Amino acid sequence: MAESAACPAFQLGRPRYDQGSFLGRLRHFVDIIDPSTLFVSEKRLKESIKLLDDYKHGTPPPGVSDLQLWEAQKIKQAIIHPDTGEKIFMPFRMSGYVPFGTPIVIGLLLPNQTVVSTIIWQWLNQSHNACVNYANRNATKPTPTSKFLQGYVGAVTSAVSIAVGLNVLIQKANKLSPATRMIIQRFVPFPAVASANICNVGLMRHNELSEGIDVLDNNGNVVGSSKIAARHAITETAFTRVVLPMPIFVLPPIIMSYLERLRFLQSNRRLLLPIHSVVCLVTFGLSLPVAISLFPQMSQIEVSRLEPEIAMATDCKVVTYNKGL
């Protein structure tokens with residue numbers, strides 16, 4: 001009884017937690033980015049895949065629990081691409097986003113950046129993001145590699161130009177003291193990364209604005225293609241991409257500017273980098289699931305707000321669309 005209360009009945013291919021509430025989505029994404037799945041052995045992966053296949057064909061092993069099935073699905077979804085069926089390269093899995101992305105965040109937030117170091121760290125950050133996006137792409141429909149390259153080049157260009165431009169402006173601000181200049185300079189990565197994220201979403205998904213995205217009725221059937229729903233989906237995704245880097249690139253500079261004034265750290269400067277690294281890791285790990293949980297993966301919109309042809313094609317008052325991440 002205790003297990004059934006804590007663990008819902010297993011549903012193959014469905015989320016374990018309620019996606020209609022923020023808390024349910026948060027628990028779902030905490031599972032998705034769980035770095036412990038990076039250490040799953042090949043043997044356990046094969047056992048998880050076999051268990052799910054047996055369940056799918058109605059022949060699960062006797063005595064298998066819902067919790068074991070949910071764990072097997074978590075492992076498979078963390079490692080295997082749902083469309084291609086192939087293993088995702090470890091650094092580009094969602095579960096590897098925080099551990100492999102944190103060194104880049106630390107580099108972006110290092111004080112006293114030069115123009116060259118700013119360009120290198122911004123390029124590394126956008127390159128990592130591009131690889132994660134490509135590795136976790138929707139592969140049900142073939143997407144030209146040129147589209148990904150277009151989004152990558154646009155993101156790198158906007159991030160580097162904004163970061164370098166702001167750094168140059170700060171250096172030329174003669175009225176600012178060196179200490180104030182250094183503090184302001186630490187916040188430069190946020191507008192650079194946020195604008196690059198918006199640019200990337202716009203370039204990668206601009207065709208959805210002209211072609212529309214599928215909207216589904218209560219039974220999951222496609223009602224039609226809506227440009228208005230596409231606009232909502234892209235806006236929500238862009239907002240998420242702005243919120244995500246906010247705590248990552250705003251909180252560490254604030255925390256570190258306070259810690260650096262402590263007498264202990266002033267006399268032990270070699271501890272600054274390790275402490276800075278821990279602060280970045282914690283803020284990154286906590287803010288990632290919160291940001292991507294803001295909106296449901298499958299969002300709803302009233303039919304009356306969509307195109308007339310959508311309203312004519314269904315009796316439903318509300319339809320569903322895939323927002324994307």
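As a basis for the values below, the full set of heavy atoms in this structure was taken, side chains included, without hydrogen atoms, waters or symmetry mates. Numbering of residues begins at 1 and proceeds along the displayed sequence. All figures in this text were calculated on a predicted structure; none of them were measured in a lab.
The shortest distance between side-chain heavy atoms of Val303 and Val215 does not fall below 4.5 Å. Looking at heavy atoms from C-beta onward, Leu272 lies out of side-chain contact with His276 at the 4.5 angstrom threshold. Within the 4.5 Å cutoff, no side-chain heavy atoms of Val242 are placed close to those of Asn197. Taking 4.5 Å as the limit, some side-chain heavy atom of Glu71 sits within range of a side-chain heavy atom of Arg16. Between Arg305 and Ile310, every side-chain heavy-atom pair lies at or beyond the 4.5 Å cut-off. When side chains are defined from C-beta on, Pro189 counts as touching Leu109, because their heavy atoms get closer than 4.5 Å. You'll find the side chain of Ser225 stays beyond 4.5 Å of the side chain of Glu307, heavy atoms only. Two residues are said to be in side-chain contact when any heavy atoms from C-beta on lie closer than 4.5 Å; Ser299 and Glu236 meet this criterion.
A distance of 15.0 Å separates NE2 of His81 from NZ of Lys87, quoted to the nearest 0.5 Å. Atoms CD1 and NZ, on Ile32 and Lys74 in that order, are 10.5 Å from each other to the nearest 0.5 Å. Separation of atoms OG (Ser95) and CG (Asp31) is listed at 11.0 Å; rounding is to 0.5 Å. Of the inter-residue distances, the one linking Ile79 atom CD1 with Arg44 atom CZ reads 9.0 Å to the nearest 0.5 angstrom. How far CG of Leu265 is from CZ of Arg270: 11.0 Å, rounded to the nearest 0.5 Å. The CZ atom of Phe39 lies 10.0 Å from the CG atom of Asp34; values are rounded to the nearest 0.5 Å.
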For this session: Report the C-alpha separation of Ser117 and Leu110 in whole Å, then their side-chain angles, then the decisive distance to 0.1 Å, and conclude whether the side chain to side chain contact (heavy atoms under 4.5 Å, CB included) test is met.
Result: CA-CA 10 Å; Ser117 66; Leu110 289 173; over 6 Å; no
Exercise. Under the side chain to side chain contact (heavy atoms under 4.5 Å, CB included) criterion, do Val160 and Thr118 qualify, and how do the steps go?
Worked result: CA-CA 7 Å; Val160 169; Thr118 298; over 6 Å; no
Problem set entry | Intermediate values then yes/no, side chain to side chain contact (heavy atoms under 4.5 Å, CB included), Leu166 and Gln185 | CA-CA 8 Å; Leu166 288 175; Gln185 201 169 18; over 6 Å; no
For this session: Give the intermediate values and the outcome of side chain to side chain contact (heavy atoms under 4.5 Å, CB included) for residues Phe100 and Leu38.
Result: CA-CA 11 Å; Phe100 288 98; Leu38 296 171; 4.3 Å; yes
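Residues Ile248 and Phe190 share a hydrophobic cluster, clusters being chains of Ile/Leu/Val/Met/Phe/Trp/Tyr side chains in contact below 4.5 Å. Cluster annotation: Val193 is connected to Trp123 through the hydrophobic network of ILVMFWY side chains, with a link wherever side-chain heavy atoms come within less than 4.5 Å. Ile275 and Leu281 are assigned to two separate hydrophobic clusters, defined by single-linkage of ILVMFWY side chains at heavy-atom distances under 4.5 Å. Both Leu108 and Ile254 are assigned to one and the same hydrophobic cluster, defined by single-linkage of ILVMFWY side chains at heavy-atom distances under 4.5 Å. Following chains of ILVMFWY side-chain contacts shorter than 4.5 Å, one can reach Leu244 starting from Val156, so the two form part of one hydrophobic cluster.
Judged purely by atom type and a 3.5 angstrom limit, Arg261 uses its side chain to pair as donor or acceptor with the backbone of Ser257. One N or O on the side chain of Asp66 and one on the backbone of Phe10 form a donor-acceptor pair closer than 3.5 Å. A donor-acceptor pair is defined here as one N or O able to donate and one able to accept, closer than 3.5 Å; no such pair exists between the side chain of Asn221 and the backbone of Asp217. Using a distance-only test at 3.5 Å, with no hydrogens or angles considered, a donor-acceptor pair links the side chain of Ser195 to the main chain of Ala192. Remark: the backbone N or O of Ile120 is not paired with any side-chain donor or acceptor of Gln122 at under 3.5 angstrom. A donor-acceptor pair under 3.5 Å links the side-chain atoms of Asn167 to the main chain of Ala163, judged by distance alone. Under the 3.5 Å distance criterion, the side-chain polar atoms of Gln113 are left unmatched by any main-chain donor or acceptor of Val164.
Shortest non-hydrogen contact noted between Leu306 and Ser226 is CD2-OG, 3.5 Å. Closest approach of Leu52 and Gln73 over heavy atoms only: CD1-CA, 3.7 Å. Summarising the geometry of Thr283 relative to Pro247, their closest heavy-atom pair is CB-O, 4.1 Å, with the distance given to 0.1 Å. Of all heavy-atom pairs spanning Glu260 and Arg269, the tightest one is O-NH1, 4.2 Å. Nearest heavy-atom pair across Ser293 and Leu26 is OG-CA, 3.2 Å. Here the shortest heavy-atom pairing between Ala155 and Gln126 reads CB-OE1, 3.4 Å.
Here the rule is side-chain hydrogen bond (donor to acceptor under 3.5 Å, both in side chains) with Asp54, and of Lys56, His57, Lys50 only Lys50 fits it.
At most 12 non-hydrogen atoms from other residues, nucleotides or ligands lie less than 6.0 angstrom from CZ of Arg263. The 12-atom threshold is not exceeded at CZ of Phe239, counting heavy atoms of other residues, nucleotides or ligands nearer than 6.0 Å.
In this pair, Tyr97 and Phe284 present their aromatic rings perpendicular. The plane angle is above 60°, beyond the 30 to 60° band.
Here the two rings, on Phe89 and Phe92, have centers that are under 6.0 Å apart.
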